[in-house]
Amino acid sequence: MNEFDIIANYFAPLSQSCNGAMGLKDDAALLRINDSYELVATKDALVENVHFFKHDTPANIASKLIRVNLSDLAAMGAKPLGYLLALVMPRNTDEAWLKAFSDSLANECHIFGGALLGGDTVTHDGPLTLTLTALGAVKRDQAFRRAGAKEGELIYVSGTIGDSFLGLNILKKELKNISPEAEKFLTRRYHIPQPRITLGRKLKGIATACTDISDGLAADLGHICECSGVGADITIESVPLSNAARNILSSHPELHPQLLSGGDDYELIFTAGEDKKDDIARIATTLGLPLTAIGRITAGSKVRVLDATGKEVHLSKKGYTHT
Ligand code: ADP
Ligand code: MG
């Protein structure tokens with residue numbers, strides 16, 4: 001059973017009495033708090049040796065923890081309000097670690113907004129385990145869903161794809177002889193995701209469906225398709241890549257399809273009608289962030305990745321799952 005089957009079989013039935021839980025199929029849940037706003041709630045866990053390396057700095061671990069959750073708020077178009085932190089730490093955790101970790105959390109709250117609201121602190125003999133609940137707000141009925149994409153609409157992604165996957169492979173020493181500048185850029189993209197909070201809020205009235213890319217571009221586009229009851233055709237050449245990623249592909253072309261299934265991008269993938277092209281171009285210019293059309297929603301039910309000649313490219317693995 002993979003993680004999605006577990007959620008669907010054992011946990012989704014428990015969400016049925018709340019429409020805003022969206023069957024545990026979206027990035028976050030929506031709870032009506034008054035006539036004007038909805039509360040947006042999401043939670044992610046990071047576990048040592050699964051999501052980060054034992055020797056990673058406390059500052060990077062704090063940044064990643066808060067930013068992966070903020071990415072889910074961004075995918076809903078929400079504004080961050082606050083966080084609940086559960087810290088389950090090895091007994092020998094020292095004060096220098098706690099100081100660096102909390103300083104980094106404070107800095108992230110300062111950058112993105114929202115305060116620490118509560119949590120729990122536990123010591124044990126196991127690995128460092130962190131979970132964070134992020135709460136945000138969105139104007140009533142304005143949150144994005146994974147459902148909503150329609151046949152013929154364009155599919156866009158923010159930023160560049162695959163950097164984090166390459167950064168992780170460099171850290172695992174599976175990719176070698178990379179220039180120091182490319183190594184620095186790509187490993188930073190792995191350690192410090194850039195949650196697209198401002199973009200999410202600017203896409204109101206423009207995007208018809210949206211999610212963040214945490215499991216891999218193809219898998220997360222698959223989630224939009226499944227929830228919207230549509231298919232998608234994208235072209236591999238149109239997927240935006242950084243210069244560092246392009247340089248690596250020039251000597252490792254076999255890695256190209258894997259960039260679409262690697263995961264940890266924390267960019268937004270969204271759909272919009274053709275008539276929104278100019279609005280999207282304007283937002284890209286305002287934010288200094290590329291927003292690239294990579295394909296179209298189809299009447300089918302599958303995500304197809306096509307090459308320049310229209311032939312289907314098969315991805316060995318559509319995305320990352322943990323079980
Ligand atoms: P994301 O990558 O956006 O964080 P996930 O793929 O981790 O989302 O999870 C998919 C959905 O399943 C989300 O709505 C999440 O809240 C829900 N979910 C995952 N695990 C559990 C669980 N143990 N109990 C309840 N809901 C869960
Ligand atoms: Mg998500």
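Because the structure is a prediction, the values reported are computed rather than measured. All ligand and atom numbering here is 1-based and tracks the order in the structure.
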Polar contact flag, side-chain donor to acceptor under 3.5 angstrom, Asp220-Thr211: no

Heavy-atom nearest option to atom 7 (O) of ligand 1, drawn from Lys25, Glu3, His223: Glu3

Lys64 to Tyr190, cation-pi by 6.0 Å centre distance and 45° axis angle: yes

Expected output: side-chain Thr129 to main-chain Val88 donor-acceptor under 3.5 Å: no

Heteroatom proximity flag, Asp72 to ligand 1, N/O under 3.5 Å: yes

Sub-4.0 Å atoms of ligand 1 with respect to non-hydrogen atoms of Phe4: 6 (O)

For atom 19 (C) of ligand 1, the protein heavy atom that lies nearest, with its residue and separation: Ile7 CD1, 3.3 Å

Side-chain donor/acceptor of Ser102 to backbone N/O of Lys99, under 3.5 Å: yes

Protein non-hydrogen atom found under 4.0 Å from atom 5 (P) of ligand 1: no

SB check Glu153 Arg296 (cutoff 4.0 Å): no

Nearest-contact summary for atom 2 (O) of ligand 1 - protein heavy atom, Å: Ser214 OG, 2.9 Å

Residue part near ligand 1, for Asp44, under 4.0 Å between non-hydrogen atoms: side chain

Residue, atom name and distance, where the atom is the protein heavy atom closest to atom 12 (O) of ligand 1: Leu24 O, 3.3 Å

Aromatic centroids of His223 and Phe4 separated by under 6.0 Å: yes

Of all N/O/S atoms in Asp72, the name of the one nearest the Mg ion (ligand 2): OD1

The Mg ion (ligand 2): angle it makes with OD1 (Asp212) and OD1 (Asp27), nearest 10 degrees: 90°

Any N/O pair Lys43/ligand 1 closer than 3.5 Å: no

Proximity of Arg146 to ligand 1 by residue part, where a heavy atom lies under 4.0 Å: side chain

Atom indices of ligand 1, in the order listed, that fall short of 4.0 Å to a heavy atom of Asp26: 11 (C), 13 (C), 14 (O)

